Every structure is written in C-alpha cells, then in structure tokens.
Amino acid sequence: MSDKEFKRLSEFIHTEVGIKLPSSKKVMVEARLQKRLRLLGKAHYRDYYEYLFSPEGLEEELVHLIDVITTNTTEFFREPRHFEIMNEQTLPLWRSENGSGRPFRLWSAGCSTGEEPYTLCIVLSEFAARSPGFRFSVMATDISTRVLSMAKNGVYPEERLAKMSMELKRRYFLRSKDRAKRLVRVAPDIRRIIDFRRLNFMESFAFPEPLDTIFCRNVMIYFDRATQERLLQKFCTQLLTGGFLFIGHSESLTGMDLPLRQHAPTVYRKI
Ligand SMILES: C[S@@+](CC[C@H](N)C(=O)[O-])C[C@H]1O[C@@H](n2cnc3c(N)ncnc32)[C@H](O)[C@@H]1O
C-alpha cells in the first residue's frame, strides 16, 4: 500500500468512524486488510479501493472494513471499581431520588462482544434483588455487526469467567451440555433484558427516553480530541440531569467544555 493510498484510507476512516489511524498503524492495517482482499479476489489495494469507494462498496464493504480496523478487546467486570461505585453510590442515590416509579435506564455505548452490558445486567439484577421494586432497562450498541452478533449470542469460553464468583457464575450462566467444549452461555433471562443495536457514534442519534447512566469505556481513546468532545456533547444531551457517565480509565475529559462534574476518577455527573 502506498503512503498516498494509506492516507486516503485513514482520512476516509476518520470521517466515517472517527478513528484516527497514524502512519505507524500502516503495517497493521495492511496485514489485516490482506484477508479482505483475498476473500474479495482483489489482487491489489488499488482494486480494493476502487470497490470500497464505489456505491456498492460503500454499502457492502464499510461494515467489514470497520471490523478490520476496530479493536474489540473487553472482559467481564473490566475496571471493577466502576461496578463498586454503582453498587455503593450511584444506584442507591438514584433509588433514593426516584423510588420505584419508573425503570432505571442504562446504555452501554461501544459494547463490543457483550461482556460489559452483561456485567451491568448482573450488577443491576443483584441490586434489584436487594431493592424491591427496582426495575431497569439496558441498551447496548456498537458499530460492528460482527461483535454485535457475538454479543447477542452470549456464548463465551468458560475461562472468561475466571475472576467471577462461583455464585454469580451459577446464577447467570449455563454450561454447555458438551463439557469438552468448555463454553458458557448467558442465562436467557439476562440475554432478554438487553436491547442490542448497531450505532455509529459519528451519526446523529437521539433516543425516545433520556438515560440515567451511560458507560462509554475504551472507545474514545481511538478518536481525536475534537471528535471525542463532539461525541461527549451528544452523550450529554441523552443523559438526564443528575445522570452518570462512566469512561475508561485511560480516557480523560480534562479541559473540555461539558455540563459534567467529576464524581470520582473517570465517573461524571450531569449538571
Ligand atoms: C475496545 S472496545 C470497548 C468495549 C467495552 N466498552 C469495554 O470497555 O470493555 C471498543 C468498541 O468500540 C467500537 N467502536 C469503535 N468506533 C465506533 C464508532 N464510531 N461508533 C460506535 N462504536 C465504535 C468498536 O467496534 C469496539 O467494539
């Protein structure tokens, strides 16, 4: 891939997906794109580009290109402090302010293969078991259709639950009948709760009902600062006053002009 071709691709990706691809990523992108070229029977990157930028390519290929360039690493109970904060602070606060009049609404934005929204469902279900009348809804979105279908399926290798207590495993997961496969599946009651949808943060979005909590962790890290700030503004319009935003531990809102006040490191409250 020539430098010029890489530049064109990275500009296209930045506009469509918000992800910046510095030239240091060229080798990685080339390696990952090889598989697409092979599958499509394209001999050169320029043939792939011709297809990608054609009306058909924009319709069909963009979704695959997104899968090639996005990083989907995630895990159950990742950054566990956030779940402690929910349990000990934000959920009891919400409950004292809202009682049981309406459901608590949460959005896992950039949910990857589902470990984050399922963890949140577990945390919320445990809270509901201790708080009679507490109801909740969970929406989970991602740009990648590949990770979304894995998330909806809810099947994981057993070792992904290694850090989870026996009690939670028993309550929220089913083991594969074929033990040799060492797979687990999220219990149907939990799978049913989550409304999984495809959403590209670069598009405009508005939900019929505003949210009480948004988790957007380890997604913005791939965006430049202007893109991050625009996205955060959009999150703020979807978040109720008094609602909470959780971001990844390596992300920061410092210096941004947003209607948010820090509640704890990487946890913000809308004002
Ligand atoms: C590293 S994963 C983070 C998963 C989870 N939030 C966590 O912290 O474990 C980042 C996810 O963001 C998604 N993503 C990247 N760009 C996006 C965009 N423009 N719109 C929506 N999702 C995007 C990717 O597909 C990927 O699944």
Side-chain angles (χ1 to χ4, degrees), residues 9-22 25 28-29 32 58 61-86 106-123 138-154 156 160-164 186 194-207 211 213-235 238 244-253 265-268:
L9 184 70
S10 58
E11 281 171 6
F12 174 70
I13 288 170
H14 185 247
T15 313
E16 295 292 326
V17 191
I19 295 178
K20 35 174 191 136
L21 284 178
K25 294 267 169 76
M28 182 271 290
V29 172
R32 291 189 181 179
L58 288 173
E61 184 56 19
L62 183 59
V63 57
H64 297 293
L65 179 63
I66 287 166
D67 283 338
V68 165
I69 48 129
T70 52
T71 305
N72 309 111
T73 316
T74 186
E75 58 178 310
F76 287 103
F77 287 92
R78 182 182 196 179
E79 301 179 3
R81 180 72 193 131
H82 283 160
F83 307 108
E84 288 167 12
I85 291 176
M86 272 184 87
L106 181 142
W107 177 20
S108 165
C111 66
S112 190
T113 41
E115 287 86 332
E116 179 180 278
Y118 286 128
T119 299
L120 287 160
C121 270
I122 292 174
V123 169
V138 176
M139 173 174 71
T141 66
D142 202 281
I143 193 172
S144 160
T145 47
R146 184 181 58 87
V147 293
L148 276 176
S149 71
M150 291 166 76
K152 277 184 204 160
N153 204 20
Y156 302 95
R160 295 274 185 89
L161 311 187
K163 288 188 216 151
M164 216 180 281
V186 179
I194 306 181
D195 175 11
F196 284 107
R197 300 185 198 177
R198 179 171 187 266
L199 180 100
N200 180 354
F201 293 143
M202 296 307 109
E203 292 161 10
S204 58
F205 52 82
F207 305 118
L211 295 140
T213 290
I214 300 176
F215 267 67
C216 184
R217 308 187 305 164
N218 309 302
V219 182
M220 288 184 291
I221 197 166
Y222 305 106
F223 302 161
D224 61 39
R225 209 151 166 84
T227 309
Q228 289 177 355
E229 195 160 355
R230 272 197 302 277
L231 178 59
L232 285 157
Q233 291 284 5
K234 292 200 258 183
F235 285 155
Q238 302 303 312
F244 285 91
L245 170 71
F246 291 74
I247 64 171
H249 280 106
S250 49
E251 294 161 328
S252 150
L253 309 188
T266 64
V267 183
Y268 296 83

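Excluded from the calculations below are hydrogen atoms, water molecules and symmetry mates; all remaining heavy atoms, backbone and side chain alike, are included. First listed ligand is number 1; within each ligand, the first listed atom is number 1. All values reported here derive from a predicted model rather than from experimental measurement.
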#### Entry: With sequence neighbours excluded, residues passing salt bridge (Lys or Arg N to Asp or Glu O under 4.0 Å) with Asp195
Arg197
### Query
Quick one: ring-ring contact (aromatic ring centres under 6.0 Å, His included) partners of Phe201, sequence neighbours excluded?
Phe235
Write none if no such pair exists; otherwise list each N/O atom of ligand 1 with its protein N/O partner under 3.5 Å and the distance.
| unit_1 | atom_1 | unit_2 | atom_2 | d |
| --- | --- | --- | --- | --- |
| ligand 1 | 6 (N) | Gly110 | O | 2.8 |
| ligand 1 | 6 (N) | Glu116 | OE1 | 3.0 |
| ligand 1 | 6 (N) | Arg217 | O | 2.9 |
| ligand 1 | 8 (O) | Arg78 | NH1 | 3.2 |
| ligand 1 | 8 (O) | Arg217 | O | 3.1 |
| ligand 1 | 8 (O) | Asn218 | ND2 | 2.8 |
| ligand 1 | 9 (O) | Thr74 | OG1 | 2.5 |
| ligand 1 | 9 (O) | Arg78 | NH1 | 2.7 |
| ligand 1 | 19 (N) | Val17 | O | 2.8 |
| ligand 1 | 19 (N) | Asn200 | OD1 | 3.1 |
| ligand 1 | 20 (N) | Phe201 | N | 3.0 |
| ligand 1 | 22 (N) | Ile143 | N | 3.4 |
| ligand 1 | 25 (O) | Asn72 | ND2 | 3.4 |
| ligand 1 | 25 (O) | Asp142 | OD1 | 2.6 |
| ligand 1 | 27 (O) | Asn72 | ND2 | 2.9 |
| ligand 1 | 27 (O) | Asp142 | OD1 | 3.4 |
| ligand 1 | 27 (O) | Asp142 | OD2 | 2.7 |

### Query
Quick one: salt bridge (Lys or Arg N to Asp or Glu O under 4.0 Å) partners of Glu84, sequence neighbours excluded?
Arg81
#### Entry: Aromatic centroids of Phe83 and Phe77 separated by under 6.0 Å
yes
### Message
Determine whether a donor-acceptor pair (N or O, by modelled atom type, separation under 3.5 Å) exists between the side chain of Asn200 and the backbone of Glu16.
### Response
yes
### Task
To the nearest 0.5 Å, tell me how far Glu116 CD sits from Ile194 CD1.
10.0 Å
